[in-house]
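Notes follow once the structure below has been shown.
First the proteins, then the strands, lettered A, B, ... as listed; each starts at 1.
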Amino acid sequence: MKKYPLFYQKVWKECAKIPSGETRTYGWLASKIGVPGAARAVGTALAKNPFAPQIPCHRVIRSDGGMGGYSASGGVAAKRRMLEREASKNHGTS
DNA sequence: ACTTCGGCGTAAA
DNA sequence: TTTTACGCCGAAG
């Protein structure tokens with residue numbers, strides 16, 4: 001069991017609070033954590049996240065609406081796919 | 001639309 | 001211990 005920085009845990013926690021089909025920006029998450037402007041630090045936290053495919057970090061996107069990157073499986077492609085899948089699920093249509 | 005610089009936190013040197 | 005480099009960024013030019 002490794003000890004992770006408090007900042008990382010905050011990020012993962014907030015990230016886990018994001019409802020399905022919804023998306024948040026890194027800056028929004030950073031402000032929620034308590035460090036507005038640390039969008040990059042937030043990205044770093046998600047990048048080092050040991051729960052990579054487990055934590056809904058794929059629901060976090062850039063302020064531009066882009067995916068930026070994705071250190072977990074599949075990369076940006078998988079991220080985009082999950083996002084669309086959860087969004088469609090929200091609509092109720094397949 | 002694209003490029004450049006700035007700012008935050010962590011990991012590594 | 002201090003400094004440098006890095007990362008799923010963001011804003012400005």
Side-chain angles (χ1 to χ4, degrees):
Chain A
M1 183 62 179
K2 259 170 98 83
K3 189 180 111 160
Y4 289 94
L6 179 62
F7 195 86
Y8 282 22
Q9 298 186 34
K10 286 183 187 174
V11 177
W12 306 334
K13 192 164 104 181
E14 289 303 309
C15 180
K17 290 176 192 175
I18 303 173
S20 280
E22 291 294 303
T23 49
R24 294 297 185 266
T25 60
Y26 293 100
W28 186 93
L29 203 51
S31 301
K32 258 294 218 159
I33 290 163
V35 187
R40 230 169 156 178
V42 170
T44 309
L46 290 169
K48 305 255 181 165
N49 158 27
F51 311 93
Q54 210 171 108
I55 291 291
C57 44
H58 55 266
R59 290 181 195 155
V60 188
I61 62 177
R62 301 198 357 177
S63 53
D64 301 89
M67 282 101 234
Y70 198 62
S71 303
S73 346
V76 231
K79 181 173 181 172
R80 201 196 209 160
R81 194 178 205 161
M82 291 183 211
L83 246 20
E84 291 193 52
R85 193 209 312 185
E86 295 189 337
S88 296
K89 184 179 84 168
N90 219 338
H91 286 176
T93 52
S94 359

Any idea which heavy atoms bring Ile55(A) and Cys15(A) closest together, and the distance?
CG2-SG, 3.5 Å
Shortest non-hydrogen contact from Ala16(A) toward Pro56(A):
CA-CG, 3.8 Å
To the nearest 0.5 Å, what is the distance between OG1 on Thr23(A) and CD1 on Ile18(A)?
8.0 Å
Mind checking the NZ-CD spacing from Lys3(A) to Gln9(A)? Nearest 0.5 Å is all I need.
9.5 Å
Under 4.5 Å between any side-chain heavy atoms of Thr44(A) and Phe7(A), yes or no?
no
Give one of base, sugar-phosphate or nothing for Tyr70(A), where a contact means two heavy atoms less than 4.0 Å apart.
base
Could you give the distance from CD1 (Ile61(A)) to CD (Glu22(A)), rounded to the nearest 0.5 Å?
10.0 Å
Rounded to whole Å, please give me the gap between NZ in Lys79(A) and P in dG7(C).
16 Å
Quick one: pull up CG in Leu29(A) and CZ in Arg24(A) and give me the separation to the nearest 0.5 Å.
9.5 Å
Distance-minimising heavy-atom pair for Gly37(A) and Ala30(A)
N-CB, 4.5 Å
Answer yes or no: does atom NZ of Lys17(A) have more than 12 heavy-atom neighbours from other residues, nucleotides or ligands under 6.0 Å?
yes
In terms of hydrophobic clusters joined by side-chain contacts under 4.5 Å, are Val35(A) and Tyr4(A) together?
yes
Tell me which residues in residues 55-67 of chain A lie within less than 4.0 Å of DNA chain C, going by non-hydrogen atoms.
Cys57(A), Arg62(A), Ser63(A)
Quick one: closest heavy-atom pair of Gly27(A) and Ala39(A), and the distance?
N-CB, 4.0 Å
Taking only Watson-Crick and G-U wobble pairs with both distances under 3.5 Å, what dot-bracket line describes DNA chain C, where [ ] shows pairs that cross earlier ones and | shows pairs with another strand?
.||||||.|||||
Within residues 31-39 of chain A, residues whose heavy atoms come under 4.0 Å of DNA chain B
Val35(A), Gly37(A), Ala38(A)
Can you give me the closest heavy-atom contact between Ala45(A) and Tyr8(A), atom names plus distance?
CB-CD1, 3.5 Å
DNA chain B: first to last nucleotide in contact with chain A (atom under 4.0 angstrom from a heavy atom), 5' to 3', is dG6(B) to dA11(B)
Residue pairs meeting side-chain hydrogen bond (donor to acceptor under 3.5 Å, both in side chains), one or both in residues 48-65 of chain A, sequence neighbours left out, come to Ser20(A)-Arg59(A), His58(A)-Glu86(A), Arg59(A)-Glu86(A), Arg62(A)-Asp64(A)
Side-chain heavy atoms of Leu83(A) within contact of Lys79(A), under 4.5 Å
yes
Residue-level proximity of residues 41-51 of chain A to DNA chain C when a heavy atom falls under 4.0 Å:
Ala41(A), Gly43(A), Thr44(A), Leu46(A), Ala47(A)
Contact between Ile33(A) and Val11(A) at the side-chain level, heavy atoms closer than 4.5 Å - yes or no?
yes
dC6(C) C1' sits how many Å from Arg40(A) CZ, rounded?
7 Å
